[in-house]
K.L.:
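After the structure tokens below, expect a handful of questions from me.
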Amino acid sequence: MIREIFKVVAVLLMVGCGGQHASNQEAAEDRAAKELMQGIWIDSETENVSFRVVGDTIFYADTTSMPACFKIVGDSLMMSSGTTYAIEKQTEHLFWFRNQNGDLIKLEKSVEAEDVSSFTASKPTVMTYTHQVKTDSIITYGGERYHWYIAINPTRYKVVRRTFNDDGMEVENVYYDNIMHISVYRGAQCLYSSDIHKKDFQKLVPANFLNEAILANMEYNKADAAGLHFNATLCIPDGASCYLVETLVSYKGAMTMKLLEY
């Protein structure tokens, strides 16, 4: 059953891969070398399962890394992302290559039937970084009562983060982004009510960071003469890098942003 599921997934991916490969006509693919790649490959030293090759698709042995299309041209393993790895040795049962750091990775083809259980039989998990959160509170400033609301809403907007696995191969993990909603009322009067998206921070956060980040959190900070201050956090998923951006709602209902820290 697992084998049949992989065949279906591989066929669907091969259609997409074929379109990507067709755009690179200048490079002649070594189909005999690709045929040698078919099967499950394990690390020669640790005996850990590294990946499985079905057709022109590599499936990684975890539940979060997306399958990747590939081809072999000359002495290089070429991924659809554009990343290439130098092949040092290839036979029916051995595959040695240099990873991104120049380390020699020695793989051997698995002969153990149970190694197929290392692979998910369905599509990799697309992770939601935060769950839905709604908070609100009433504050008093300058003799006026203000009621603020924050809603953190998970979406189906996918954010792709590229990382490296234990073999030094580039893999893609997919996360869902969030939309933040802020409302501020003075009594029954609505001063401000709007959704805030990740793209709204593009003037304050570098584009290369923003592309792989998600809008992870929004919190109320304080009230002063300028208005109500809320802090937005934009983070690289599963990483330590974050930007903290202040979102200020004035008592006239205007919203401004400024970078607090990185």
K.L.:
F97 and Y85: which non-hydrogen atoms are nearest, and at how many Å?
P.N.:
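F97 and Y85 have their closest heavy atoms at CD1-CB, 3.9 Å.
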
K.L.:
Has the side chain of N101 got a donor or acceptor atom that lies under 3.5 Å from a matching backbone atom of D103?
P.N.:
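A pair under 3.5 Å: no.
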
K.L.:
To the nearest 0.5 Å, what is the distance between CG (L248) and CE (M255)?
P.N.:
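Between L248 CG and M255 CE, I get 9.5 Å after rounding to 0.5 Å.
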
K.L.:
To the nearest 0.5 Å, what is the distance between CZ on F70 and OG on S80?
P.N.:
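The CZ atom of F70 sits 11.0 Å away from the OG atom of S80.
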
K.L.:
Let me confirm one number: the NZ-CG distance from K222 to N231, rounded to the nearest 0.5 Å.
P.N.:
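One gets 9.0 Å once the value is rounded to the nearest 0.5 Å.
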
K.L.:
Would a distance-only check, ignoring hydrogens and angles, find a side-chain to backbone donor-acceptor pair under 3.5 Å from T233 to A216?
P.N.:
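Side chain of T233 to backbone of A216, a donor-acceptor pair under 3.5 Å: no, none is there.
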
K.L.:
Does the side chain of S81 come under 3.5 Å of the side chain of E172 through a donor N or O and an acceptor N or O?
P.N.:
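No.
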
K.L.:
Between E108 and F95, is there a donor-acceptor pair closer than 3.5 Å when you use the side chain of the first and the backbone of the second?
P.N.:
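Pair absent, no side-chain N/O of E108 close to backbone of F95.
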
K.L.:
Taking all atoms of both residues into account, what is the closest heavy-atom pair of V171 and N165, and its distance?
P.N.:
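Between these two residues, the closest heavy atoms are CG1-ND2, 3.7 Å.
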
K.L.:
Does Q100, at its CD atom, have more than 12 non-hydrogen atoms belonging to other residues, nucleotides or ligands within less than 6.0 Å?
P.N.:
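Yes - once you tally the heavy atoms of other residues, nucleotides and ligands closer than 6.0 Å, there are more than 12.
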
K.L.:
Under the side chain to side chain contact (heavy atoms under 4.5 Å, CB included) test against V159, which residue among I214, L210, N211 passes?
P.N.:
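For V159, the side chain to side chain contact (heavy atoms under 4.5 Å, CB included) test succeeds with only one of I214, L210, N211, which is I214.
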
K.L.:
Membership question, hydrophobic clusters at under 4.5 Å side-chain separation (ILVMFWY): are W148 and V133 in the same one?
P.N.:
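Linked, V133 and W148 end up in one cluster.
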
K.L.:
Once you round to the nearest 0.5 Å, how far does OG of S76 lie from CZ of R98?
P.N.:
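So the gap between those two atoms works out to 13.0 Å.
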
K.L.:
Tell me yes or no: between the side chains of N153 and H181, is some donor less than 3.5 Å from an acceptor?
P.N.:
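There is no such pair between these side chains.
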
K.L.:
Using every non-hydrogen atom in the two residues, find where I150 and Y220 come nearest and quote the distance to one decimal.
P.N.:
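Result for this residue pair: CD1-N, 3.6 Å.
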
K.L.:
Crowded around E47 CD? As in, over 12 foreign heavy atoms under 6.0 Å?
P.N.:
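Open: at most 12 neighbouring heavy atoms sit under 6.0 Å from CD of E47.
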
K.L.:
Please report the shortest heavy-atom distance between L228 and Y251, naming the atom on each side.
P.N.:
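Nearest heavy atoms, L228 then Y251: CD1-CE2, 3.6 Å.
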
K.L.:
Please give me the minimum heavy-atom distance between F209 and V205, naming the atom from each residue.
P.N.:
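Looking at all heavy atoms of both residues, the closest pair is CD2-CG1, 3.6 Å.
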
K.L.:
Let me check something: do M218 and I139 share a hydrophobic cluster, defined by ILVMFWY side-chain heavy atoms less than 4.5 Å apart, either directly or through other members?
P.N.:
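The answer is yes; both residues are in one hydrophobic cluster.
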
K.L.:
Please report the interatomic distance CG(L215) to OH(Y243), rounded to the nearest 0.5 Å.
P.N.:
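Going from the CG atom of L215 to the OH atom of Y243 covers 15.0 Å.
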
K.L.:
Write down the atom of V249, the atom of Y192, and the distance for their closest heavy-atom approach.
P.N.:
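Heavy-atom minimum between the residues: CG1-CB, 3.6 Å.
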
K.L.:
Donor-acceptor check, side chain of Q90 to backbone of A33, threshold 3.5 angstrom: yes or no?
P.N.:
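Between the backbone of A33 and the side chain of Q90 there is a qualifying donor-acceptor contact (under 3.5 Å).
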
K.L.:
Applying the 4.5 Å side-chain criterion to the ILVMFWY set and letting contacts propagate, would Y157 and Y176 be lumped into a single cluster?
P.N.:
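The answer is no; the residues belong to distinct hydrophobic clusters.
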
K.L.:
To the nearest 0.5 Å, tell me how far K109 NZ sits from L94 CG.
P.N.:
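Taking NZ in K109 and CG in L94, the distance rounds to 10.0 Å.
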
K.L.:
Around atom CD of E45, are there more than 12 heavy atoms from other residues, nucleotides or ligands closer than 6.0 Å?
P.N.:
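Count not over threshold, so no.
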
